[in-house]
Amino acid sequence: MTAAPLVRLAGVDKRFGAVRALAGVDLSVDTGACLGLVGHNGAGKSTLMAILAGVLAADHGEMHVAGQDVTHGHAVTQAHRLGLRCVFQELSLCPNLTVAENTRVLHRALDGWGWRRRAAALIRDRLDTIFPGHGIDPDDVTGDLSIGRRQMVEIARAFTVTDTPVRLVILDEPTSSLDAVVAGHLLAFVRRFVADGGSVILISHLLGEVLDTADRIVVMRDGRVVADRLATAFDRGRLVEAMGSVADDDVDGAAAAAAATPATGDRSMGGTPVVRAHPAGAGIGGLTLEAWQGEIVGLAGLGGHGQTAMLVRLFEAARHPGVVNAGAMVRLPAAFVAGDRQSDGVFPLWSIARNISIRSLSQLLWRGLIVRRAETELAETWRTRIGIRTPSVDHPILSLSGGNQQKALFARALASDAGVLLMDDPMRGVDVGTKQEVYGMLRAEAAKGRTIIWYTTEMDELKHCDHVYVFRAGAIVADLTRAAMTEDAVLHASFEARAA
Amino acid sequence: MTGSRPASALGRLALQPWLWAWLGALAVWLATIAFTRGQGAGEVLTAAFTFGTFFVIVAIGQMFVVTLGPGNVDLSIPATMTLAGTVAMKLMDGDNGMLAVGLLAALGCGLAVGVFNYGLIRLLAIPPIIATLSSSFLVQSTAIWTNRGLRIKPPSALADFATAKLGGLPALALCVIALAGVMHIVLTRTPYGRAVIAVGQNPRAARFAGVDVDRTRFVTYVQAALFAALCGFCLAGFSGGAALNMGEEYLLSSIAVVVIGGTSVAGGFANVPGLWGAALFLFLLVTMLNTFGLGAGIRLILTGLIIIAVIVIAGSSSRKREG
Amino acid sequence: MSALARLAPPRLLRALLPAVSLAAILAAIFWLQPRTASYFGLNLLLNLSIPIALATIAQMFILCVNDLDLSIGGYVSLTACITATWLNDTPALGVLALLLCVVAYAAMGALIHLRQLPSIVVTLGMSFVWLGLAVLLLPTPGGQAPDWLRALMTLKPPYVPFPIVAAVVFALVVHVGLMRSAYGVVLRGAGGNPRAVERAGWSLLHVKLTLYALAGLFGVLAGMALVGLTTSADANIALRYTLLSIAGVILGGGEFVGGRVSPIGAVMGAMTLTLAGSFLSFLRLNPDWQIGAQGAILILVLALRALINRAERRAP
């Protein structure tokens, strides 16, 4: 086909603070084609799609949709008018409305007498077409449906047509809550939709379904497009290879340093672990997580597969050290280092010092009162030790850059009496320099006898770990020692081959 | 509330959230005595401290509750005041020897209401507003039932104390100033105070920072009910007995004093001095408008508009996260 | 509880709860005092529920977008005072004043939305303003209900007492408007998932303006109905409605967040609260416990709902 592509993006840039989420991305989607988009967490796929859908604005770059230049002033309503529809990972249905009513929210044209009947017919028709035997009634309240069915409604709703055509549907992890049969229905429908002249962008971590469904596959890494080829030019192995990062000398050096300082409580020595827990969602199958004193244990796998849930369970269990609580036991007090700083970590109205001291107030008391000077001293100590770049620890926490806020959260945990550090992908959006500093500190803390449980989505960080557990669908599917830990091993354990 | 901080002492003072309430109180007082050409300046101030005392007592508890974050308001304060005042007066029956028993009974009422409130919040998993609203109905009824329309005089010692003056200032006001000082220290210098502020800013982060969120909330609701009970006890002593409607005006006023005093309704940001400023301001405003010969209607309208103005200004000067 | 959950889906149970509580309290009253089960008995029992139901509907519109209105009591007092004075003496001025009240309510909604202010504080401030205006208008109890309004409120329709007719009419009208109409869906959606509604291209400002204006309108109706019943007004006449209306919405199955409200339930909740007040006098119990009974019923229903929710969570 030589016709102009339906969507053409050129040189799209997007920054979030210090982090460059997209670095000059070019992308085009042809009419009547399915484009597969793959990449590891944080590669920039979701950001790119949000820009295309008009939810986010790009910092730089050109955008053309259906022959129109939409570089400036692209917004959700316009995207809808041009025939762009989005199925995002977070559900965008109103849980208090019925399925038919949610269809109405998307379509202004569903108005006047009998709108309810028309909306119900519209969504039922799409559901029947895409998911035969779906078992969803248009009058069902969305919030009462299972998550899988909600996702089906969301997908079907994106394909409904009233007064504007549907030209391109973006499916971001559409099958994450669907079982294999239903997912198969969806992918078959995508092929039919494409054959009828529609376009689809399919984002999925299930490489098999991308390989089978897409005409062309784009691989993203670190905010760039690193491969853009016909689907037939790829196979599983080559996709995984394209997604992985190139070897980084610098990191290898750091890892070597890590290897040189062995864990103080070696597993081979026997004894009892400091942390022991079985994933809650895994039933009796899968492996059990164990960590010994002085170990750095990595939790790997794709985002949202049970790693954070495990950390939260360990945190709750650590409230009563040594007691087995719902299958989890932690022998020492724990401190939590949040990755989602704004929602889980930072107290936005407080100074840096107060943000650091909150976990250690009991050490700062004199006759039941907090001693201000001791509090400032504690914060100052950690400011210099961890290198928080600020003129004074009395400044508001929000005056710090993201990376320095994260350092303050590390300081909060390290300053505490905790013997176990639980880290929830804490390096998100942190610059490289800061990362290297923190890695060094973590190794030092482990050497002093602290146990670190570290969930990370970055392959490089796993190289600092003595042990890596790979999570998939809420269970631990692989237990890799440092020697066995390779990027390939982790990726293969994380990406399930549905076809197999 | 961003990076740079004014270095001068004056600049730091201007940043204090309680300053505006005090400045407002001062301005209103000056306007009043300017109108009367200085007559009765002292009496006005004494009256303001006398009546402001009762608002401050309940507002301290309400402030801790509001600081817990969006949705946290104690609507049972008026009912608790009435119940505590009634039960205490009835028990003491004018006998000075029963003073301690009466006070303990009042505080016991507060303790019971607070525990009940928090029980509802936890067991029924309902928003605190609904829980305290429901319990206020029950508590109010209990108070009516206990009271039976009788007005029992307080013991003479209590009445004397509640109306006594020390060097021009009401003795009770001095006690409550000291109490406010203690609560200021509790808020700023104890782990409990820090926990309240942390929960109000971000309950998830507070939990992950090791704060016992449930216990913090429990203590706060019990404390608010205890202060309401104390206020009911003192007010009944002051006004010659417990009346069934004695708590009525404290429902909205306790929230108003907290807001005007510079505490954030979005939670996580509170201060005690502002409570005194706001209570004095509200009373002096009424006095001023009375002096000007304006009626209750204008007074109420101005009070309302000032509350809204305060929240609009506070909302725009520091963009807080939404509830 | 899980056996119960198998017998009836929790959602159905929850939806039936307001009707069941209303029926239960009515049955109890009939049983205690069979004479109330008559045209006049019901008229007497339910008369005062009309203004409360209207105020409850007003509160429901506000709760629909996760806000809370602490000013509805003062507002109903004000509209009652306007009805008993201006609307009676100079009808044109009265109508204009009431219209202005509705506009002011909508403006309050716009202020809350545009400045992202906590609704609790803004409505708290406005409650003083409404009350102040009412005091200015009617410093001492007095005024008089317009004759046509009195006639309307004492209407004796055949077979069914007026309060029941009124309740059914209001409940159905609001049900159609909010629960069945196309724009009503958007209004409720804005309570359930505001971001999704905005992403679909709807104006949240428009949503809030509409809901606050509707609340203002029903507040006006509540004030008029109240004056029609009491024939005169005073500035404090409806202050209790603030708390009663919140309780009514919650009793009627409404929830504090998430746009889950029900107009029919709200009307039933208001009636249940009114009846709870009279229930005690039939028990020959001390009338002191009237308010307490309202609180007890509220807690009881909330406890039942908590049990249903717990059963729901246990059953996958």
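So you know, we letter chains A, B, ... as the sequences are listed, proteins then strands, and number each from 1. Note that this is a predicted model, so its numbers are computed, not measured. Atoms considered below: every heavy atom in the structure, side chains included; atoms not considered: hydrogens, waters and symmetry mates.
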Do you know which of [options] has the most heavy-atom pairs under 4.5 Å to chain A?
options                         : value
Ala200(C), Gly184(C), Gly189(C) : Gly189(C)
Arg260(C), Arg188(C), Arg180(C) : Arg180(C)
Gly191(C), Pro194(C), Gly259(C) : Gly259(C)

Checklist entry - Aromatic rings Tyr212(C) and Tyr105(C): how do their planes relate, parallel, tilted or perpendicular, breaks at 30° and 60°? => result tilted
Next on the checklist: Over 60° means perpendicular and under 30° means parallel, so tell me whether His107(A) and His80(A) are parallel, tilted or perpendicular.
Outcome noted: perpendicular
Item to check | Engaged part of Val55(A) at the chain C interface, taking heavy atoms whose separation is under 4.5 Å | outcome: side chain
Item to check | Top of Asp144(A), Leu106(A), Asn102(A) for chain C proximity - count of heavy-atom pairs under 4.5 angstrom | outcome: Asp144(A)
Checklist entry - With respect to chain C, which residue among Val76(A), Leu93(A), Val105(A), Thr142(A) yields the maximal number of heavy-atom pairs within a distance under 4.5 Å? => result Val105(A)
Shortest non-hydrogen contact between [X] and [Y], atoms and distance:
X         : Y         : value
Leu202(A) : Pro174(A) : CD1-CG, 3.7 Å
Ile203(A) : Lys45(A)  : CG2-CD, 3.9 Å
Leu178(C) : Pro263(C) : CD2-CG, 4.4 Å

Next on the checklist: Let's go through Asp172(A) and Ser46(A) carefully: what are the C-alpha distance in whole Å and the side-chain angles of both, what is the deciding distance for side-chain hydrogen bond (donor to acceptor under 3.5 Å, both in side chains) to 0.1 Å, and is it a yes or a no?
Outcome noted: CA-CA 8 Å; Asp172(A) 192 351; Ser46(A) 294; 3.3 Å; yes
Item to check | CD1 (Ile147(A)) with more than 12 external heavy atoms under 6.0 Å | outcome: no
Checklist entry - Just wondering, more than 12 heavy atoms not from His134(A) lying within 6.0 Å of its NE2? => result yes
Checklist entry - How about residues 110-120 of chain A versus chain C: which residues have heavy atoms under 4.5 Å apart? => result Leu110(A), Asp111(A), Trp115(A), Arg116(A)
Checklist entry - Charged N to carboxylate O under 4.0 angstrom, Arg124(A) versus Asp137(A)? => result no
